[in-house]
Peer 1: 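Sharing a structure below in structure tokens format, with a few things to ask.
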Amino acid sequence: MRKLLVTGGAGFIGSNFIRYMLSRHSDIRITNLDKLTYAGNPDNLRDIEQDDRYRFVKGDICDADTVDPLVRDADVVLNFAAESHVDRSIGKPDDFIRTDVFGTFVLLEAARKHGVERFVQISTDEVYGSIESGLFKETDPLMPSSPYSASKAGADRLAFSYYVTYKLPVVIPRSSNNYGPYQFPEKLISLFTTNALDDKPLPIYGTGENVRDWLFVTDNCEGVEAVMERGTDGEVYNLGAGNEKNNLEITRTILRELGKPESLMTFVRDRQGHDLRYALDTTKIRSLGWEPRHSFEDGMKETVSWYRDNRRWWEKLKSGEYLEYYKSHYKREL
Ligand code: NAD
Ligand code: DAU
């Protein structure tokens with residue numbers, strides 16, 4: 001029986017990962033350590049909270065007293081916990097440095113002390129920065145350009161240093177933009193889909209020509225599992241689907257799926273330091289036998305339908321503190 005410690009498992013990708021792993025493995029125990037920030041949502045795992053193989057612990061990865069016994073009890077640590085939204089990192093970077101860098105350090109220290117079979121540090125393609133043409137390889141230099149991506153680059157390299165220095169069996173997946181069910185409605189696809197469902201404006205930054213490579217969330221979960229099981233210690237693995245789309249294409253796809261008018265498209269002030277394009281060479285992860293299962297078209301249909309059918313899930317989130325943030329973030333334009 002394998003014991004996994006998943007941090008940040010009440011967020012978007014972490015919750016999808018836990019559900020994915022429980023659906024595929026019977027001989028597994030998963031502990032989810034999550035602070036339940038604004039982005040952590042117990043509703044994301046309502047369907048499995050009674051499962052005997054699953055345990056939730058509310059706590060902070062920066063707190064060594066909380067982390068220590070949980071790591072001692074785990075075979076594998078998967079660190080998904082992070083502050084993850086670029087716009088919030090531009091407004092207030094503090095928590096990004098604390099959680100993404102210091103929190104990773106606390107987990108690594110506990111793993112070094114107790115020993116683990118694997119330490120999976122969830123990183124991101126944003127650590128490379130922007131690329132006008134071509135694809136980033138795992139060996140390319142890191143040039144992060146937002147406080148978020150810089151904090152993730154710090155965590156990524158700190159984890160690597162524990163492999164080099166202490167021989168901790170670290171592996172590092174760097175994935176592209178995920179989309180799918182249970183994404184907090186502040187990211188491009190979840191925000192625009194839920195706004196469109198309410199006939200509200202879709203705030204496109206700048207010209208809308210920025211490009212991202214969109215990966216369906218369960219395909220990422222399968223990739224993370226491949227890296228955890230078959231990756232080589234100390235190695236980085238890019239994870240992307242090759243679905244390069246600019247923000248205008250994404251916006252039009254959502255409006256088309258929902259039968260909503262293009263008049264909802266609203267051009268607003270650009271994000272500061274807005275990266276133009278992310279694109280990954282995924283040869284290395286594909287050599288582990290992984291490939292994405294969802295086409296972009298199928299993934300978008302599934303995603304848009306999920307938000308249409310789960311209005312109660314996101315309506316609850318789009319209130320209170322969220323509205324305050326949203327109003328102050330977009331106040332000049334909307
Ligand atoms: P998310 O914001 O939806 O979830 C983050 C989770 O971490 C939340 O449940 C939150 O409560 C928890 N958390 C935050 N600070 C914590 C702390 N100090 N202690 C314990 N828990 C804490 O994020 P996500 O989109 O699911 O991203 C998960 C991971 O994947 C992050 O590390 C992110 O950098 C990385 N990533 C995300 C994407 C993407 O497209 N969303 C792509 C590549 C990599
Ligand atoms: O690339 C991986 C990264 O993808 C992850 O590491 C991050 O955690 C995740 O948040 C995501 O970052 P992005 O900045 O790429 O995602 P976001 O959904 O915030 O923005 C995607 C694109 O859409 C980007 O070009 C900015 C644009 N955008 C976003 C929002 C929220 C808009 O035009 N309007 C918006 O309101």
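Counting convention: from 1, in listed order, for ligands and their atoms alike. Quick note: residue numbers are just sequence positions, from 1. Computation of the quantities below employed the complete heavy-atom set of this structure, encompassing side-chain atoms and omitting hydrogens, waters and symmetry-equivalent molecules. Nothing here was measured: the structure is a model prediction, and the numbers come from that model.
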Peer 1: Would you call Gly59 a ligand 1 contact, heavy-atom distance under 4.0 Å?
Peer 2: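 Distance cut 4.0 Å: Gly59 passes for ligand 1.
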Peer 1: Please check whether Ala81 reaches ligand 1 - meaning an N/O of the residue sits under 3.5 Å from an N/O of the ligand, judged on distance alone.
Peer 2: no
Peer 1: Please tell me whether Asn243 and Asp213 have a donor and an acceptor in their side chains that are separated by less than 3.5 angstrom.
Peer 2: no
Peer 1: Before signing off on this row, confirm whether Gly11 and ligand 1 have an N or O atom pair separated by under 3.5 Å.
Peer 2: yes
Peer 1: Could you tell me if any non-hydrogen atom of Ser15 lies under 4.0 Å from any atom of ligand 1?
Peer 2: no
Peer 1: Out of all atoms in ligand 2, which are within 4.0 Å of some heavy atom of Asp125? Include the element for each.
Peer 2: 1 (O), 2 (C)
Peer 1: Mind checking whether Thr124 contacts ligand 2 via backbone (N, CA, C, O), side chain (CB onward), both or neither, at a 4.0 Å heavy-atom cut-off?
Peer 2: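 The part of Thr124 near ligand 2 is the side chain, not the backbone.
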Peer 1: Does either side chain, that of Lys3 or that of Thr31, offer a donor lying less than 3.5 Å from an acceptor on the other one?
Peer 2: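 No - no donor-acceptor pair under 3.5 Å links their side chains.
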Peer 1: Per the side-chain hydrogen bond (donor to acceptor under 3.5 Å, both in side chains) rule, which among Ser145, Ser149, Ser146 passes with Asp275?
Peer 2: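 So, applying the side-chain hydrogen bond (donor to acceptor under 3.5 Å, both in side chains) to Asp275 and each of Ser145, Ser149, Ser146, only Ser145 qualifies.
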Peer 1: Which is it for Asn178 and ligand 2 at heavy atoms under 4.0 Å: side chain, backbone, both or neither?
Peer 2: neither
Peer 1: Are Lys260 and Asn195 linked by a side-chain donor-acceptor pair shorter than 3.5 Å?
Peer 2: no
Peer 1: Can you tell which part of Leu36 has a heavy atom less than 4.0 Å from ligand 1: side chain, backbone, both or neither?
Peer 2: backbone
Peer 1: Does the side chain of Gln121 come under 3.5 Å of the side chain of Asn79 through a donor N or O and an acceptor N or O?
Peer 2: yes
Peer 1: Could you say whether the N/O atoms of Phe80 and ligand 1 ever approach to under 3.5 Å?
Peer 2: yes
Peer 1: Who's closest to atom 14 (O) of ligand 2 heavy-atom-wise, of Lys245, Glu83, Arg212, Arg271?
Peer 2: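 Minimum heavy-atom distance to atom 14 (O) of ligand 2 goes to Arg271.
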Peer 1: Where does Tyr38 meet ligand 1, judged by heavy-atom distances below 4.0 Å: at the side chain, the backbone, both, or neither?
Peer 2: neither
Peer 1: Would you mind checking if Arg88 and Glu186 are paired as a salt bridge, meaning a charged N to carboxylate O distance below 4.0 Å?
Peer 2: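 Looking at Glu186 and Arg88, the cut-off is met.
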Peer 1: So is there a nitrogen or oxygen of Asp60 less than 3.5 Å from a nitrogen or oxygen in ligand 1?
Peer 2: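 Yes, at least one N or O pair falls under 3.5 Å.
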Peer 1: N/O of Asp34 under 3.5 Å from N/O of ligand 1, yes or no?
Peer 2: yes
Peer 1: Less than 4.5 Å apart, any side-chain heavy atom of Ser123 and any of Val236?
Peer 2: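 Not in contact.
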Peer 1: Could Arg2 and Glu117 be called an ion pair, given the rule that one side-chain N must be under 4.0 Å from one carboxylate O?
Peer 2: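 A salt bridge is present here (some side-chain N lies under 4.0 Å from a carboxylate O).
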Peer 1: If you count the atoms of ligand 1 from 1 in the order shown, which ones are under 4.0 Å from a heavy atom of Ile122?
Peer 2: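 Ligand 1 atoms under the 4.0 Å threshold to Ile122: 29 (C), 30 (O), 32 (O), 35 (C).
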Peer 1: Check whether any N or O atom of Thr124, backbone or side chain, sits under 3.5 Å from an N or O atom of ligand 1, and answer yes or no.
Peer 2: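 Checking ligand 1 against Thr124, no N or O pair falls under 3.5 Å apart.
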Peer 1: Can you find a non-hydrogen atom of Lys152 under 4.0 Å from ligand 2?
Peer 2: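 It does not; every heavy atom stays at 4.0 Å or beyond.
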Peer 1: N/O to N/O below 3.5 Å, does that happen between Leu33 and ligand 1?
Peer 2: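 In fact, backbone or side chain, Leu33 has no N or O that close.
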Peer 1: Geometry only, no angles: is Lys152 polar-contacting ligand 1 at N/O separations under 3.5 Å?
Peer 2: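 N/O-N/O distance under 3.5 Å: yes.
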Peer 1: Compute the shortest N/O to N/O distance between Tyr148 and ligand 1 and return yes if it is under 3.5 Å, no if not.
Peer 2: yes
Peer 1: Which of these, Lys167, Arg112, Glu109, sits in a side-chain hydrogen bond (donor to acceptor under 3.5 Å, both in side chains) with Tyr162?
Peer 2: Glu109
Peer 1: Relative to the ring of Trp313, is the ring of Tyr182 parallel (under 30°), tilted (30 to 60°) or perpendicular (over 60°)?
Peer 2: perpendicular
Peer 1: Checking the N or O distance criterion of under 3.5 Å, is ligand 1 in contact with Asn178?
Peer 2: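 Right, the criterion is met.
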Peer 1: Any Lys/Arg nitrogen of Asp73 or Arg29 sitting under 4.0 Å from an Asp/Glu carboxylate oxygen of the other?
Peer 2: no
Peer 1: Are Phe96 and Pro147 packed together at the side-chain level, in the sense that at least one heavy-atom pair is separated by less than 4.5 angstrom?
Peer 2: no
Peer 1: Would you kindly specify which portion of Asn247 sits under 4.0 Å from ligand 2, judged on non-hydrogen atoms: side chain, backbone, both or neither?
Peer 2: side chain
Peer 1: Could you tell me if Asn238 and Tyr128 have a donor-acceptor pair between their side chains, going purely by distance under 3.5 Å?
Peer 2: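 Distance-only check passes for Tyr128 and Asn238.
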Peer 1: Can you tell which of Arg88, Glu126, Lys187 gets a heavy atom nearest to atom 13 (P) of ligand 2?
Peer 2: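 Nearest heavy atom to atom 13 (P) of ligand 2 lies in Glu126.
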Peer 1: Just to check, does Gly103 reach to within less than 4.0 Å of ligand 1 when the distance is taken from its heavy atoms?
Peer 2: no
